[in-house]
Amino acid sequence: MTAIPDTVRPSRRVSIRGLNFALLIFVVLYAMIAVLQPNYLEAGLFMNFLRRAAPLVILACGQLYVILSGGFDLSMGAVVTLVVLAASMLIGGDPAMTWPVIVALYAMGLAVGLANGAIVAFLKVPSIIATLGTMLLVNGLALAWSGGAPRGDLPDNFRNLGRLVLRDVPLVGTLPVAVIILVGATLLAGWGLHRTAYGKRLLAVGDNPRAAELAGVPVKPTRISAFVVSALAAVTAGILIGGFSGVSVNAGRGLELQAIAACVIGGAQLLGGRGSVAGALFGSLSLFALFTLLNLLGLPQALRDSLQGVILIAAVGASVLRHRRST
Amino acid sequence: MTDVATSHDAPASPTAVAPLLTLRGISKSFPGVRALDDVSLEIYPGQVTALIGENGAGKSTLVKILTGIYQPDAGEIAIDGRPVEFGSPHRAAQQGITAIHQETVLFDEISVAENIHLGHAPRTRLGLIDWGAIRGGARKVLASMGAGHIAPETRLKELSIANKHLVGVARALSIDARIVIMDEPTAALSYKEIGELFTLIEMLKADGKGILFISHKFDEIYRISDRYAVFRDGQKVGAGMLPETPQAEIVKMMVGRSVDQIFPKHVAAPGETVLKVEDLSHPTEFDGIDFELRRGEILGFYGLVGAGRSEVMQALFGLTRPSRGSIVLDGQAITPQSPADAVNAGIVYVPEERGKQGVVIGLPIFENVSLPSLKRTSLHGVLRLKEEFDLARAYTERLDLRASSLSQDVGTLSGGNQQKVVIAKWLATGPKVIILDEPTKGIDIGSKAAVHQFMGELVAQGLAVIMVSSELPEVMGMSDRIVVMREGRMVTTLENKDLSAEALVSAAAGIRGEDA
């Protein structure tokens, strides 16, 4: 006699309900955009939309790893700023320098991630404080290094990562390089989280660190790794942002909060344990669709933040209600 | 038998003393458990009533009802003969009931004086808090207790546990509490501090307070109490005056129906020694632990809460570092540095607090089961769903787990089924020694039986089991041998043959001699 029905096939369910909510918001917002500007339904403009949303999606995927491990990474925006400023100064307009400098940028990201993780894991500082510290530190260093104003220049082969659009691609017509990176990064993040032993350990650490430790999960290395993933995602996003927006000392400002908001809209549970990459993807697209919509409506920039706040609270409220009903 | 009260050393005409607090027919149930069943109890002014019982007898539930945290399903509470209702902790406090817990319910971050006056702070004429009066009042009440060494301005967190208790008592005096509940107040105190606490209890008695004193330690109970009430399985099974009642009689009441619950008889055919622990010691928690564990054997660890049993197990599992001693598993000395080491060596630990230490609520059943075995079920770090499912199915079926599917979130399962998930998770790692810490605490009778049944199967298959349990029937019903621990040391190791429950309880509680 079996206690559990045999009919149930093995399945790895992703947090469907969180995903549905984010998907719904995205579809509604994008529909509103299409009503105002029907040509947003064309493949080309949709690709352009994805291209501009790509950095936020990648940031949200990285942030998701930290959120699932039970923390926050507030230093992402500062890392983006550092990447943009460092790239322009180190490359100095010389195309031959682009790839070596990109390697150096990832090394910087790795260092920031390791520092965040070590502070949280070994000094037991709450991540919100630890990464607030590194945020201020990294931002300050980046500004001091650049002298407070952008210097140097980004050559075309660097900027193309963010702005080049491939023409005459079958099926989609135009295909921005940034979208290829977006798809690659999202698939990689989803695979790492939902298909590997590492991803499962990460979820276990975020949900119940004590139980995870008792089950032989290396809790500290797992925590640290989440911050490394997050910082590397920030570097990737920074490279794309430098590509299509150029050099600015405000390049990364506020992006960490947008990334957290995107994860929450996508159904991630703050303080760990639940969430999916698909949710983070649609959460970020929803948020970006909202920004686009507000631009089209011609609302002042300041209202953008307010509405972002409203959506965020609605998302958290909805998730709390869903949770209450299901238990 | 309450009339016997006359002869006791209470001052003026004690027969005339009316109870301060009366409980009549109190019942309280939780899903699957009847925590209190038609309980009556009286607390008299100027007397200490000791509440005695094994873990799970219903003492804590009673305290929570008295302090307004739980509402009883049935029954009534009366103070001075007038029925009262405690809808909330606040109401209970207003009626003059205060509790001093093992972990005091005071606030660490504010001063001693504020803790004493919290909720009833003296006001100035303008309605502002009168800080001078707060400090003065605190100083006075502390001095009256002989605790003048505690400065009212000190922040509570800077005090020792004993001094925190003193502050708790000072608060009780200052709010004019009439009934003071002390729930194992001596658990973390030194011998000298216990003496000071008892002096205070005498003061409270002289002041006419009614005191309910909960302790597992017989010497303390006899030293301070006037009356006793014994609880077992949610019922009051006896009450009376204390010095007149011998310990043996009380122990008999606690244990009650001797071990007549049905425990699956497993054939004890212990094989060779699997685990040999010698002189295992820890700087603070335990000292000089020696035992051997054989294949096919259940070794029970019995003792009071805080005797150091769980701490020994955590050292075996690599959670804490012993200061000396050796652990030999299958002839090889091991020094587990982490749970991962212990699991690899073949020792697994099913912790006491499932929710906190055992299951990952947000993950489905099969992912919980496979968590410590991920190395086997994944290939180069990539999960293989079928392997995970097969593993989870194999072990959950053996435990007769009830669930709608293996993909169900563990958080939605009952306590008993969660416990099965935890055990399945550990069995799946293929251990040699499995340590079960309070394996059936807080789960319903049916699940208890399934876990017991399964323990029998485990040893039949040649596994060695260590079971830490505070439940006497369980220890006596399941163990082949029993290690008794008290205050971090091994008291004795007993063969579980013709063993009397009384002897076991006496050893654990530190009752000297053969009189029990």
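Here is the naming used below: chain letters follow the sequence lines, and residue numbers restart at 1 for every chain.
Crowding of B/Gln461 atom CD: a count of heavy atoms from other residues, nucleotides or ligands under 6.0 Å exceeding 12.
In this structure, CG in B/Leu371 is found 7.5 Å from CZ in A/Arg201, a value given to the nearest 0.5 Å. With rounding to the nearest 0.5 Å, the separation of OG1 in A/Thr196 from CG in B/Leu379 is 13.0 Å.
The heavy-atom pair separating B/Leu383 from A/His194 by the smallest distance is CD1-O, 3.9 Å. Contact between A/Leu214 and B/Trp426 at its shortest, heavy atoms only, is O-CH2, 2.8 Å. For the residue pair A/Ala211 and B/Val360, the shortest heavy atom distance occurs at CB-CG2, 4.3 Å.
Residue pairs meeting the side chain to side chain donor-acceptor pair (under 3.5 Å) criterion with at least one partner in residues 372-383 of chain B, sequence neighbours excluded, are absent.
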| A/Trp191 vs B/Val382, side chain to side chain contact (heavy atoms under 4.5 Å, CB included): CA-CA, chis, key distance, verdict | CA-CA 9 Å; A/Trp191 179 81; B/Val382 181; 3.5 Å; yes
| Going through the checks in order, is the side chain to side chain contact (heavy atoms under 4.5 Å, CB included) test met by B/Leu385 and A/Arg195? | CA-CA 9 Å; B/Leu385 211 48; A/Arg195 291 285 182 271; over 6 Å; no
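Residue B/Gln408 does not touch chain A at all, counting heavy-atom pairs closer than 4.5 Å.
In summary, B/Glu388 and A/Lys200 engage in a salt bridge, as defined by a charged side-chain N under 4.0 Å from a carboxylate O.
Every side-chain contact (heavy atoms from CB on, under 4.5 Å) that A/Leu203 has, sequence neighbours left out, goes to A/Leu68, B/Leu363.
Counting heavy-atom pairs closer than 4.5 Å to chain B, the top residue among A/Ala204, A/Ala212, A/Gly206, A/Gly192 is A/Ala204.
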